[in-house]
**Q** 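I have a structure here, written as structure tokens, and I will follow up with some questions on it.
Side chains included, hydrogens not; waters and symmetry mates left out as well; all remaining heavy atoms used. Values in this document were obtained by computation on a predicted structure and should not be read as measured data. Residues take their numbers from the sequence shown, with the count starting at 1. All ligand and atom numbering here is 1-based and tracks the order in the structure.
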Amino acid sequence: MQIANSKIEELREMLLTPQNIVILSHTNPDGDAIGSSLAWAEVLKSNGHNVSCIVPNRFPYYLDFMPNSDSILMYKGDIGGRTNNAVRSADIIFCLDFHTMSRLDGLSDVIEENQHAKRVLIDHHLDPMEDFDLMISYPEASSTCYLMALIIEKLYGVESITKSMAENLFVGMMTDTGNFAFSTITPDLFRVVSILVNTGIHVPTIHNNVYNSFSEGRARLFGYVINRKMKIFHNGTVAHMSLTSEEMKRFWFQQGDSEGFVNYPLTIKKMKISAMFTEHNDFIRVSLRSRGDIDVNVFAQRYFNGGGHKNAAGGKSFMSMDDTLKHFEESIKEYSREGNI
Ligand code: 5GP
Ligand code: MN
């Protein structure tokens, strides 16, 4: 995969003189969102720009170790108005790792108020919205962090990648590829990983920080969900799991504790689709995973107001939990009748 030179030159042009820059990523930010934002912020700052990273809500506690993560502004609960001020004075707004404004929740209204800033998309999701001054959209890229590394390489050279940038970029590449195991990996990804490792990052430590730093409550919640809440149907090929607010409270739930649960049913040999439903204040969050040719991006668009990638997608439901699960089972039947499963 190559990023078009014309896009890089457009970006270079935009960044010739010091700019006020806002870097935005999506609600429920993950390792790829945070990693790409922080690495991009660091290289832009060292090139003389004034940069703020903003996310709609808090990222999971186990990503706190990521270098400079304490500099990220959170829109939800921001009482000092720092996010509003940063957006208001931005000359350029970078949108990283998301493809529709609906993934910003309330923060999208704040963005709309600034009509003078240039908008740039850097992302790897299918079907991005179109209203950008510059779109660096490559759905074939395994992560936004990989895209970001390619951009930084072309724009400022590999020498500009510091150890802290490398650590941040590595987290996104590792998490979005399921530990370098998904079909999205390419030889060039490993070339880039080798550049990162050469900066002196310690891969086992990063791995431990991301995957072995959870709370006791999370481990117990995981056992509960798999044992008590996983329903397998459609001849053993589809599974769904759900968590209500009451159940989350019972296990001292912290934001991010259920990340990754949705992958687990796919460890069963026959399984083709897995879904996880988690209750939030005014909606139910839907998380979908599939194997091989089965497309949950289309499924999420059609039945859950969402989207994403072919094998990992998500959306929202505004029905009760019971009705949501019924709707999921009915939707699976319909999708299957059409030959999609
Ligand atoms: P996760 O299940 O990890 O929350 O999300 C998997 C993928 O689904 C994300 O990378 C994102 O592309 C997509 N996704 C998750 N939630 C939504 C949503 O509400 N709307 C859209 N359009 N995509 C989503
Ligand atoms: Mn991503």
Side-chain angles (χ1 to χ4, degrees), residues 23-40 55-57 59-60 63 94-108 121-129 136-150 168-178 180 182 184-185 189 210 239-243 255-266 273-280 282-290 295-318 324 328:
I23 300 175
L24 284 180
S25 201
H26 58 79
T27 301
N28 298 324
D30 56 8
D32 195 29
I34 300 297
S36 55
S37 296
L38 289 172
W40 190 222
V55 289
N57 64 342
F59 50 89
L63 297 180
F94 285 98
C95 296
L96 268 51
D97 198 40
F98 66 95
H99 62 318
T100 137
M101 284 296 174
S102 69
R103 297 224 66 208
L104 291 179
D105 292 332
L107 183 53
S108 55
L121 177 79
I122 303 179
D123 178 49
H124 70 133
H125 291 89
L126 294 157
D127 312 318
M129 56 194 173
I136 304 186
S137 161
Y138 289 89
E140 66 271 40
S142 54
S143 61
T144 300
C145 279
Y146 170 60
L147 268 183
M148 192 49 88
L150 296 183
N168 282 321
L169 292 170
F170 186 84
V171 170
M173 293 182 197
M174 175 179 78
T175 51
D176 263 34
T177 58
F180 305 101
F182 294 164
T184 49
I185 58 171
L189 172 66
V210 174
H240 68 63
M241 301 173 293
S242 61
L243 266 181
Q255 158 112 29
D257 269 354
S258 60
E259 288 318 301
F261 286 10
V262 64
N263 297 310
Y264 205 77
L266 284 174
I273 295 184
S274 167
M276 174 85 194
F277 299 90
T278 37
E279 194 171 284
H280 287 242
D282 39 15
F283 65 93
I284 290 173
R285 183 174 158 215
V286 184
S287 223
L288 298 158
R289 297 292 183 273
S290 66
D295 191 332
V296 283
N297 169 50
V298 170
F299 184 88
Q301 283 176 19
R302 224 154 107 181
Y303 301 108
F304 287 104
N305 320 297
H309 313 279
K310 187 173 159 197
N311 295 133
K316 285 178 181 166
S317 162
F318 299 94
T324 300
F328 176 66

**Q** Within a strict 4.5 Å, meaning less than it, do heavy atoms of the V210 and T175 side chains meet?
**A** yes
**Q** Would you say the side chain of N28 lies within less than 4.5 Å of the side chain of N57, judging by non-hydrogen atoms?
**A** yes
**Q** Does the ring centre of F180 sit less than 6.0 Å away from the ring centre of F170?
**A** yes
**Q** Rounded to the nearest 10°, what angle sits at the Mn ion (ligand 2) between OD1 of D97 and OD2 of D32?
**A** 90°
**Q** When you compare the side chain of L96 with that of L24, does any pair of heavy atoms fall below 4.5 Å?
**A** no
**Q** Parallel under 30°, tilted from 30 to 60°, perpendicular over 60°: which one fits the rings of H280 and F283?
**A** parallel
**Q** Of the backbone and side-chain N, O or S atoms of D176, does one lie nearer to the Mn ion (ligand 2) than 2.8 Å?
**A** yes
**Q** Which N, O or S atom name in H124 marks its closest approach to the Mn ion (ligand 2)?
**A** NE2
**Q** Would you check if the distance from the ring center of H124 to the ring center of H99 is below 6.0 Å?
**A** no
**Q** Flag H125 as yes if one of its N/O/S atoms falls below 2.8 Å of the Mn ion (ligand 2), otherwise no.
**A** no
**Q** Can you pull the residues with any heavy atom under 4.0 Å from ligand 1?
**A** H99, T100, R103, H125, R285, S287, R289, G306, G307, G308, H309, A312, A313, G314, G315
**Q** Return the orientation label for the H240 and F328 ring planes: parallel under 30°, perpendicular over 60°, tilted otherwise.
**A** perpendicular
**Q** Using a 3.5 Å distance criterion without hydrogens, assess whether the side chain of D97 forms a donor-acceptor pair with backbone atoms of D123.
**A** no
